[in-house]
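Heads up: the structure comes next, in structure tokens.
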Amino acid sequence: MHALEEVICSCTLVTYGQVYKLAQQNLSFEDIVRRSGACSGCGSCQFEVEELIEEVGSNVGKHNN
Ligand code: FES
């Protein structure tokens with residue numbers, strides 16, 4: 001687990017917290033990229049961003065069911 005204020009995307013300085021919040025709104029990877037700007041540079045953070053979204057997604061699922 002990463003601290004929410006930690007930067008997930010060093011190109012855009014988007015933090016884990018920013019992606020986390022968007023992921024909690026059940027947005028797709030593309031939407032989260034569009035809204036936060038994460039992953040819009042070199043793309044090397046894509047795996048990390050996707051993983052975080054998945055993580056949040058599975059937590060959301062647990063709470064809803
Ligand atoms: S580190 Fe995220 S686009 Fe480069």
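Whatever order the structure lists ligands and atoms in, that order sets their numbers, starting from 1. Values below: every heavy atom of this structure, side chains too, minus hydrogens, waters and symmetry copies.
Side-chain contact check for Ile32 versus Ile53: some heavy-atom pair is nearer than 4.5 Å. Two residues are said to be in side-chain contact when any heavy atoms from C-beta on lie closer than 4.5 Å; Thr15 and Leu4 fail this criterion. Residues Leu52 and Ile8 form a side-chain contact, since some pair of their non-hydrogen atoms from C-beta on lies under 4.5 Å apart. Residues Glu5 and Gln18 are not in side-chain contact: their nearest non-hydrogen atoms beyond the backbone lie 4.5 Å or more apart. A heavy-atom distance below 4.5 Å is found between the side chains of Ser40 and Thr12.
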Passes side-chain contact (heavy atoms from CB on, under 4.5 Å), Glu48 versus Tyr16? Steps please. CA-CA 9 Å; Glu48 198 73 13; Tyr16 277 84; 2.8 Å; yes
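Panel detail: atom 4 (Fe) of ligand 1 has protein N, O or S atoms under 2.8 Å away, 2 in number.
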